[in-house]
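Data first, discussion second: the structure below is written as structure tokens.
Residue numbers start from 1 in every chain, and the chains themselves are labelled A, B, ... in the order their sequence lines are given, proteins ahead of strands. Just so we're clear, the structure is a prediction, and the values are computed from it rather than from any experiment.
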Amino acid sequence: MSDGEERACEGPDSMYVKLISSDDHEFIVKREHALVSGTIKAMLSGPGQIAENETNEIKFREIPSHVLSNVCEYFTYKAQHTNSSTEVPDFPVSPEISMELIIAANFLDC
Amino acid sequence: MYDVFLMIRRHKTTIFTDAKESTTVYDLKRIVEGILKRPPEEQRLYKDDVLLNDSQTLGNCGFTNQTARPQAPATVGLAFRLSDDSFEQLRMEPFSTPPELPDVMKPQDSGSTANEQAVQ
């Protein structure tokens with residue numbers, strides 16, 4: 001991935017997508033990582049002219065930044081360790097956010 | 001060569017990306033350029049409060065696969081050039097605060113395991 005030409009967040013072929021939390025933090029993640037979430041995958045690749053398809057931005061009105069940042073870390077963690085034969089470390093979850101994280105994970109289907 | 005996992009943060013923007021320990025600071029700026037459309041000359045990258053040099057590798061700056069893991073990426077600060085020769089102050093908006101734990105969930109003496117992962 002080091003050809004130096006990383007595409008931006010425009011167009012359906014973009015490499016990155018932007019996830020926006022309820023408190024307006026913008027999280028930019030690789031598109032293939034975001035597709036770990038069934039919900040995001042459906043939003044970005046469904047048929048028809050869904051707005052998210054064009055701008056590759058999704059606003060999550062109920063997910064605050066401290067939860068969405070963990071979700072993004074999970075995407076990277078999952079993508080890294082899927083099909084990996086090395087020992088997979090635990091994914092750390094602090095108790096304070098565990099409730100909200102479960103709700104977000106349920107919504108995002110991941 | 002190991003992958004290092006990073007959060008590049010400026011104000012309310014956080015970019016999750018990965019690179020190699022051998023990637024240079026300048027290469028990272030090119031990645032940021034592709035996303036945020038600002039050329040490397042208009043960017044400053046920081047580790048904690050230390051300004052990073054374009055020619056250094058991420059490994060040399062202290063980003064290793066031990067400190068920059070997928071589930072706990074390392075934070076790189078980003079500041080843009082304002083005009084002329086001045087750069088903005090490095091500023092990262094903190095994330096929201098989680099609500100206080102209800103008493104029943106507070107760890108007891110032996111500590112509770114935080115195994116509330118929703119892994120399918």
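- The number of heavy-atom neighbours closer than 6.0 Å to CG of A/D24, taken from other residues, nucleotides and ligands shown, is above 12.
- Of all the listed residues (A/I97, A/L68, A/V29, A/I20), the one sharing the greatest number of non-hydrogen pairs under 4.5 Å with chain B is A/V29.
- Looking at A/E100, only its side chain comes within 4.5 Å of chain B, counting heavy atoms on both sides.
- Atoms OH and CZ, on A/Y77 and B/R69 in that order, are 11.0 Å from each other to the nearest 0.5 Å.
- With salt bridges taken as basic N to acidic carboxylate O contacts below 4.0 Å, none links A/E26 and B/K12.
- For B/T97, the part lying near chain A is the backbone, with the side chain staying farther off; criterion is any non-hydrogen pair under 4.5 Å.
- Ranking A/Q80, A/H81, A/H66 against chain B, the residue ahead of the rest is A/H66, based on heavy-atom pairs under 4.5 Å.
- Cation-pi geometry between B/K47 and B/F63 is met: the NZ or CZ atom falls under 6.0 Å from the ring centre, inside 45° of the normal.
- In this structure, the portion of B/R9 lying under 4.5 Å from any heavy atom of chain A is its side chain and not its backbone.
- A donor-acceptor pair is defined here as one N or O able to donate and one able to accept, closer than 3.5 Å; such a pair exists between the side chain of A/S69 and the backbone of A/S65.
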